[in-house]
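Quick caveat, the model's predicted, so the values are computed rather than measured.
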Amino acid sequence: VHVEYIYSIIPDYIGDIEFFNISELTMTIGEGAYTPSGDKIDILITPAYPYEFLINDRDEEGNNIGVELLNLVRDKKLAMLNPPSSNILQSKMSFAILWNMYMNMKLTPHESEIVQRYVAPTYRDEEPFLISGEVYVKKPVISREGSSVEIVRENKISKSKYDLYSDFLSVYQKFIELPKLNVILNNEFTEKYYIIGS
């Protein structure tokens with residue numbers, strides 16, 4: 001839907017537009033980036049691909065292709081556009097801002113009802129949880145797939161398996177136990193957590 005919206009607002013005079021998965025992008029180092037059909041790209045719109053992933057992107061030979069792509073941008077051989085919505089909405093700081101607005105009665109009654117129902121109490125520091133003694137989660141403002149998350153319960157910290165974002169600023173959010181669901185994996189029932197991404 002996001003990509004379709006972007007497509008709908010691009011003026012016809014811009015020229016040819018081609019949609020493809022970023023993994024299909026090819027590049028000639030120092031010259032340009034190309035579509036799967038071989039056309040040189042002038043503007044690369046990446047509505048969902050995290051820019052910070054580019055730093056570590058490597059090809060099969062180990063070449064740092066993400067940095068080379070950014071070098072094309074630096075050298076004005078490619079323009080990249082990541083709509084502001086993708087950066088704003090991926091930041092967990094938006095939850096802290098929403099919760100703060102809710103707590104300070106800066107929302108309409110309808111908006112307050114939505115925030116209270118769907119947003120876990122989230123703060124820019126851990127003090128509210130240290131005072132209340134509630135279990136909470138420390139999450140980097142920018143992170144994915146549970147990396148660098150810590151659950152703090154009675155001064156005991158459980159850390160996630162991966163630690164890719166610990167250098168980022170964090171938010172502190174009330175811990176909410178996820179519901180579990182029995183699913184069939186490898187022909188047997190297994191209990192898994194039920195989660196919906198947002």
A.B. asks: For the CD atom on Glu18, are there more than 12 heavy atoms of other groups (residues, nucleotides or ligands in this structure) within a distance under 6.0 Å?
C.D. replies: yes

A.B. asks: Donor-acceptor pair, Ser147 side chain versus Ser143 backbone, under 3.5 Å?
C.D. replies: no

A.B. asks: Would you say CG of Asp16 has more than 12 non-hydrogen atoms from neighbouring residues, nucleotides or ligands within 6.0 angstrom?
C.D. replies: no

A.B. asks: One pair to check against side-chain contact (heavy atoms from CB on, under 4.5 Å): Glu24 and Asn21. What are the steps and the verdict?
C.D. replies: CA-CA 6 Å; Glu24 300 174 281; Asn21 188 303; 3.4 Å; yes

A.B. asks: For a side-chain contact (heavy atoms from CB on, under 4.5 Å) check, start with the C-alpha distance between Ile41 and Phe20, then their side-chain angles and the critical distance, and finish with the verdict.
C.D. replies: CA-CA 12 Å; Ile41 301 168; Phe20 57 91; 3.7 Å; yes

A.B. asks: Can you tell me how far apart CG (Leu98) and CD (Glu111) are? Round to the nearest 0.5 Å.
C.D. replies: 9.0 Å

A.B. asks: If we count only N and O atoms by modelled type, under 3.5 Å, do the side chains of Glu126 and Tyr136 hold a donor and an acceptor together?
C.D. replies: yes

A.B. asks: Measure the CG-CG distance between Leu164 and Asn56 for me, rounded to the nearest 0.5 Å.
C.D. replies: 8.0 Å

A.B. asks: Rounded to the nearest 0.5 Å, what separates atom OG in Ser91 from atom CD1 in Ile97?
C.D. replies: 7.0 Å

A.B. asks: Is it the case that more than 12 heavy atoms not belonging to Lys40 sit under 6.0 Å from its NZ atom?
C.D. replies: yes

A.B. asks: Report yes if the side chains of Met80 and Leu54 come closer than 4.5 Å at any heavy-atom pair, otherwise no.
C.D. replies: yes

A.B. asks: Just checking Glu61: does its CD atom have more than 12 heavy atoms from other residues, nucleotides or ligands closer to it than 6.0 angstrom?
C.D. replies: yes

A.B. asks: Distance only, no hydrogens: is a donor on one side chain within 3.5 Å (strictly under) of an acceptor on the other, for Asn100 and Asn104?
C.D. replies: yes

A.B. asks: Is it the case that one hydrophobic cluster holds both Leu130 and Val152, taking links as side-chain heavy atoms less than 4.5 Å apart, direct or via other members?
C.D. replies: yes

A.B. asks: When rounded to the nearest 0.5 angstrom, what is the spacing between CD1 in Ile22 and CD1 in Ile45?
C.D. replies: 12.0 Å

A.B. asks: State plainly whether one hydrophobic cluster holds both Phe189 and Leu178, where clusters connect Ile, Leu, Val, Met, Phe, Trp and Tyr through side-chain heavy atoms under 4.5 angstrom apart.
C.D. replies: no

A.B. asks: Is Tyr102 linked to Met93 within one hydrophobic cluster, defined over Ile, Leu, Val, Met, Phe, Trp and Tyr using a side-chain heavy-atom separation of less than 4.5 Å?
C.D. replies: yes

A.B. asks: Between Ser148 and Lys139, is there a side-chain donor-acceptor contact under 3.5 Å, judged purely by atom types and distance?
C.D. replies: no

A.B. asks: Would you compute the distance between atom OG of Ser166 and atom NZ of Lys138 and round it to the nearest 0.5 angstrom?
C.D. replies: 8.0 Å

A.B. asks: Pair Ile157, Ile151 - check side-chain contact (heavy atoms from CB on, under 4.5 Å), show working.
C.D. replies: CA-CA 6 Å; Ile157 299 174; Ile151 300 171; over 6 Å; no

A.B. asks: Is Leu78 linked to Ile55 within one hydrophobic cluster, defined over Ile, Leu, Val, Met, Phe, Trp and Tyr using a side-chain heavy-atom separation of less than 4.5 Å?
C.D. replies: yes

A.B. asks: Is it true that the side chains of Ser160 and Glu150 contain a donor and an acceptor less than 3.5 Å apart?
C.D. replies: no

A.B. asks: Would you find a donor on one side and an acceptor on the other, under 3.5 Å apart, between the side chain of Thr35 and the backbone of Asp39?
C.D. replies: yes

A.B. asks: Is any side-chain heavy atom of Ile184 closer than 4.5 Å to a side-chain heavy atom of Thr190?
C.D. replies: no

A.B. asks: Under the salt bridge (charged side-chain N to carboxylate O under 4.0 Å, His left out) test, which residues partner Lys174, sequence neighbours left out?
C.D. replies: Glu134

A.B. asks: Membership question, hydrophobic clusters at under 4.5 Å side-chain separation (ILVMFWY): are Tyr162 and Tyr193 in the same one?
C.D. replies: no

A.B. asks: For the residue pair Leu72 and Lys77, establish whether any side-chain heavy-atom pair is separated by less than 4.5 Å.
C.D. replies: yes

A.B. asks: State, yes or no, whether a side-chain contact exists between Glu68 and Leu70 at a heavy-atom distance under 4.5 Å.
C.D. replies: no

A.B. asks: Any idea which heavy atoms bring Thr122 and Ala120 closest together, and the distance?
C.D. replies: OG1-O, 2.6 Å

A.B. asks: Over 60° means perpendicular and under 30° means parallel, so classify the ring planes of Tyr123 and Trp99, tilted if in between.
C.D. replies: perpendicular

A.B. asks: Does NZ or CZ of Arg153 lie under 6.0 Å from the centre of the six-membered ring of Phe175, at an angle within 45° of the ring axis?
C.D. replies: yes

A.B. asks: Start with the C-alpha distance between Leu69 and Ile65, add both sets of side-chain angles, then the distance that settles side-chain contact (heavy atoms from CB on, under 4.5 Å), and finish with yes or no.
C.D. replies: CA-CA 6 Å; Leu69 189 69; Ile65 56 171; over 6 Å; no

A.B. asks: Using 0.5 Å steps for rounding, measure from the CG atom of Leu25 to the OH atom of Tyr34.
C.D. replies: 10.5 Å

A.B. asks: I'd like to check Glu113 versus Leu107 (side-chain heavy atoms, cut-off strictly below 4.5 Å). Are they in contact?
C.D. replies: no

A.B. asks: For atom CD1 of Ile43, is the number of surrounding heavy atoms from other residues, nucleotides or ligands below 6.0 Å larger than 12?
C.D. replies: no

